[in-house]
Visitor: 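Please see the structure below; I have some questions.
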Amino acid sequence: MKNLKKALSLIFALSLALTVFSGCNRSSGEESVGKVRYLNFKPESADIYKEIAKEYEKETGVKVIVETAANNAYESTLAAKMATDEAPTLFQINGPKGYANWKDYCADLSDTKLYEHLTDKSLAVEVDGKVFGIPYVVEGYGIIYNEALTDKYFALPNKAVDFDSMDDVNSFAELKAVVEDMQKNREALGIDGVFAATSLKTGEDWRWQTHLANLPLYYEFEKNKVDLTSDKTGEIGFDYADNFKNIFDLYINNSTVDRKTLGTKTVVDSMAEFALEKCVMVQNGNWAWSQISDVSGNKVKAENLEFLPIYIGADGEEKQGLCIGTENFYAINSKASEEDQKAAEDFIYWLYSSSTGKKFVTEDLGFIAPFDTFNDNEEPQDPLAQEVLDWMDEDGIKTVPWNFTIFPSQTFKEGFGSSLLKYAQGTKEWSAVKSDMVDSWKKESQSSTK
Amino acid sequence: MNTSLKKYFPIFVLPTLLAFILAFILPFVIGVGLSFTEFTTVENASFNGVQNYIRAFTTDTDFLRSLGFTAAFTIVSVVTVNVFAFMLSLALTRSIRGTNLFRSVFFMPNLIGGIVLGYIWNLLINGVLSAFGVDITFKTEYGFWGLVILTNWQLIGYMMVIYIAGLQNIPTSLLEAASIDGASSFKTLMKIKIPMVMPSITICTFLTLTNSFKMFDQNLALTAGAPEKTTEMLALNIYNTFYGRVGWQGVGQAKAVVFFVIVAIIAFFQLRLTGSREVEH
């Protein structure tokens with residue numbers, strides 16, 4: 001009797017424990033077709049991906065599970081999910097640095113069909129002849145301006161420059177002349193300032209510490225003929241620091257707000273100022289269209305949106321175009337089963353080659369796809385993406401690549417951003433900003449452990 | 001007694017014990033283990049000895065600076081929070097009208113989440129500072145005192161409630177005896193009230209100490225380390241270490257272990273110090 005009780009209680013306890021454990025049971029892995037588990041980077045597109053998954057399952061019978069990481073939490077979400085049985089089979093890396101972090105999980109994609117169709121193979125993340133990341137969207141950034149307001153300025157009787165439209169502006173000196181005169185006439189134009197606030201709040205400063213910093217470094221690497229895949233990038237001189245200062249000063253001195261208040265400004269603040277026509281120009285990329293059009297009371301018409309390259313006063317910049325590249329690369333989990341890897345490959349190929357898939361890509365996701373499976377008429381319709389495409393097709397214009405994917409670390413970018421804030425507030429000399437940037441680049445390049 | 005304990009152990013204790021092991025002991029052991037490895041996820045860890053601990057202290061001085069900042073902040077907030085909370089509780093244990101209303105109002109800030117509080121105070125402080133043409137990112141001192149004010153605002157109500165409970169537990173006979181003997185109210189406070197609420201003081205200093213030392217959300221939302229990381233507290237520094245550099249997750253983990261040890265040591269000594277002054281009723 002006593003033993004029976006004991007045995008019963010043990011069974012009871014064990015069954016309790018088992019219910020706890022059963023949650024973590026391995027899901028039955030017997031299906032031979034495999035399935036796709038995608039960790040999506042863009043929260044704003046989460047619903048679209050769900051639609052795509054539904055459609056794909058209807059057409060092919062292969063299940064696609066889409067999970068989405070919250071804003072700014074992709075790396076942490078990925079790290080958490082990778083260690084589980086429900087690890088993503090399809091995920092994304094942000095370039096060579098992202099690959100370095102995830103190399104244990106990145107499968108070689110050189111034989112995939114999608115890679116075959118990649119128009120510009122140099123865009124892919126390639127290491128030792130193997131391809132580990134395929135770019136799935138091309139984006140561009142520059143100075144977005146509102147043509148309605150610039151035309152209003154050029155029609156002013158007392159304007160101090162002799163151009164008649166923004167098309168005549170193709171160097172820093174000309175841009176500076178226009179901007180400074182426009183700033184003087186801000187009351188006549190009904191604006192608070194030419195440039196939207198230079199958002200320098202921590203976490204909101206990527207437009208400057210990453211995107212704007214790309215330009216001086218692009219010119220420096222060009223000048224010194226640095227091979228970006230080599231370890232020659234471990235040290236820089238920031239030779240074009242003064243050029244960076246030129247354009248940065250232009251931004252912060254001809255703005256809607258005082259340069260001392262920039263530590264509280266966010267990207268959303270800047271985009272709202274632009275949408276409400278409180279300013280004429282803002283530096284951002286083609287992804288910003290939804291941010292502009294979604295602002296309630298938006299006054300900017302789609303047809304008035306134009307892009308201007310970011311001129312910093314470097315030699316030969318008349319031929320400079322927008323900064324076009326990508327930070328979004330598909331990677332397939334090399335630790336997933338053969339079938340699942342194959343399923344992921346097929347899924348992304350379908351998305352970028354079938355007519356249903358392509359429709360989703362251009363119309364719903366609004367991506368400029370870097371693949372030759374897309375015809376010229378299969379392009380996103382939003383005005384800024386159209387502008388990017390126009391600039392890409394422009395004759396004799398040299399597009400600036402996104403070299404910031406090789407910036408040494410997040411710590412470097414944040415450090416440079418807070419340096420810029422102190423400079424704007426007037427508590428740090430430019431020479432210190434420059435030397436700190438150079439030192440930090442070197443240190444961060446060495447401190448990476450992979 | 002003993003036999004029935006043994007008999008029913010599997011039913012009553014085992015499930016909880018398992019849960020405790022799974023949810024607490026195991027992650028803790030894995031966490032400490034990971035601090036000696038280089039890893040991207042918990043699965044692909046490779047042992048690298050004390051390298052992470054060396055990196056945590058030698059690559060830059062950020063960690064030590066955060067430690068200094070956090071220590072200074074903790075000392076100031078523990079003192080201010082407890083002094084103000086005790087004063088409030090003294091005031092609100094006298095029979096003034098609306099005592100209950102005041103108690104609830106003072107307690108309320110504690111119910112608001114740290115991130116929300118941080119943003120609210122960010123707006124308030126920047127609103128005030130903008131009159132002088134600056135904001136909270138200008139100077140380390142602004143961020144420091146901003147954090148102190150925020151912590152006070154959040155924790156005073158909570159600590160006040162604990163002190164009130166302590167004060168109400170003092171036997172009225174003691175207070176009556178003191179007043180018959182002609183003790184001044186200051187003397188009553190020093191000789192009777194404070195010694196009698198010593199258990200509350202132990203709890204309150206422990207709570208404020210650990211809360212201030214481990215502060216994260218409020219720090220993130222109020223200053224996020226600006227200017228130039230000088231207002232970055234330990235927890236935020238650890239968080240930033242994880243994703244700040246490629247392959248630095250292990251270093252972040254090592255810092256977290258050091259952090260745990262520091263908090264444990266401080267809390268241990270504080271409990272012994274204040275606990276030894278408690279009097280038996």
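So you know, we letter chains A, B, ... as the sequences are listed, proteins then strands, and number each from 1.
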Visitor: Can you confirm whether more than 12 heavy atoms, excluding those of B:E43, are under 6.0 Å from its CD atom?
Guide: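 Atom CD in B:E43 is crowded, with more than 12 foreign heavy atoms closer than 6.0 Å.
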Visitor: If I measure from the heavy atoms of chain A, does B:K139 come under 4.5 Å with its side chain, its backbone, both, or neither?
Guide: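 Interface part for B:K139: neither.
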Visitor: Which heavy atom of B:F138 sits nearest a heavy atom of A:K260, and at what distance?
Guide: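 Here B:F138 and A:K260 meet closest at CE1-O, 3.1 Å.
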Visitor: Please state whether the side chain, the backbone, both or neither of A:T202 comes within less than 4.5 Å of a heavy atom of chain B.
Guide: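 A:T202 touches chain B through side-chain heavy atoms alone.
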Visitor: Got a donor-acceptor contact below 3.5 angstrom from the A:W102 side chain to the B:T40 backbone?
Guide: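 Checking the backbone N and O of B:T40 against the side chain of A:W102, no donor-acceptor pair under 3.5 Å is found.
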Visitor: So B:F242 and A:S76, side chain to side chain contact (heavy atoms under 4.5 Å, CB included) or not? Walk me through it.
Guide: CA-CA 9 Å; B:F242 262 78; A:S76 50; over 6 Å; no
Visitor: Check step by step if salt bridge (charged side-chain N to carboxylate O under 4.0 Å, His left out) holds for A:K428 and B:E228.
Guide: CA-CA 11 Å; A:K428 192 167 186 173; B:E228 291 197 315; 2.7 Å; yes
Visitor: Should we count CZ of A:F404 as having more than 12 external heavy atoms under 6.0 Å?
Guide: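 Yes, enclosed.
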Visitor: Is there a side-chain contact between A:M82 and B:V42 (heavy atoms, below 4.5 Å)?
Guide: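 Not in contact.
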Visitor: Side-chain contact test, heavy atoms from C-beta onward, threshold under 4.5 Å: evaluate it for A:S409 versus B:W248 and give yes or no.
Guide: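 No - every pair of side-chain heavy atoms lies 4.5 Å or more apart.
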Visitor: Hey, is CZ on B:F144 packed in by over 12 heavy atoms from elsewhere, all under 6.0 Å?
Guide: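 For B:F144, atom CZ is crowded (more than 12 foreign heavy atoms under 6.0 Å).
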Visitor: Of the listed residues (A:A83, A:S419, A:P408), which shares the most heavy-atom pairs with chain B below a 4.5 Å separation?
Guide: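 Result: the option with the highest number of such pairs is A:A83.
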Visitor: Between CG of B:N44 and CG of A:D104, what distance do you get to the nearest 0.5 Å?
Guide: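 Going from the CG atom of B:N44 to the CG atom of A:D104 covers 5.0 Å.
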Visitor: Nearest 0.5 Å, please: how far is CD in A:Q410 from CG in B:N240?
Guide: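 So the CG of B:N240 and the CD of A:Q410 are separated by 9.0 Å.
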Visitor: Looking at side-chain heavy atoms only, is the closest gap between B:T137 and A:L421 below 4.5 Å?
Guide: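 Side chain of B:T137 against side chain of A:L421, heavy atoms only: contact under 4.5 Å found.
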Visitor: Do A:T411 side-chain atoms and B:G244 backbone N/O form a donor-acceptor pair below 3.5 Å?
Guide: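 Answer holds: yes.
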Visitor: Measure across A:K97 and B:V246 and return the closest heavy-atom pair with its distance rounded to 0.1 Å.
Guide: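 Closest heavy-atom pair between A:K97 and B:V246: O-CG2, 3.7 Å.
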Visitor: For B:Y53, is the OH atom crowded, meaning more than 12 foreign heavy atoms sit under 6.0 Å from it?
Guide: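 Yes, OH of B:Y53 has more than 12 neighbouring heavy atoms, counting only those of other groups under 6.0 Å.
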Visitor: Distance from B:L129 atom CG to A:T261 atom OG1, nearest 0.5 Å?
Guide: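 Reported value, rounded in 0.5 Å steps: 12.5 Å.
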Visitor: Taking every non-hydrogen pair under 4.5 Å, which of A:E444, A:K81, A:E75, A:K201 racks up the most with chain B?
Guide: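 Looking at each of A:E444, A:K81, A:E75, A:K201 in turn, A:E444 comes out on top.
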Visitor: Under 4.5 Å heavy-atom distance to chain A, tell me which part of B:T223 shows up: side chain, backbone, both or neither.
Guide: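 Answer is backbone: N, CA, C or O of B:T223 sit under 4.5 Å from chain A.
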Visitor: Taking the side chain as every heavy atom from C-beta outward, state whether B:R245 and A:F412 have any atom pair closer than 4.5 Å.
Guide: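 When only atoms from C-beta onward are counted, A:F412 and B:R245 do not touch, as no gap falls below 4.5 Å.
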Visitor: Report, in residue-number order, which members of residues 58-76 of chain B are under 4.5 Å from chain A by heavy-atom distance.
Guide: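 Near chain A, by residue number: B:T59, B:D60.
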Visitor: Who among A:K443, A:K413, A:K335 has the most heavy-atom pairs with chain B under 4.5 Å?
Guide: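 Most heavy-atom pairs within the cutoff with chain B belong to A:K443.
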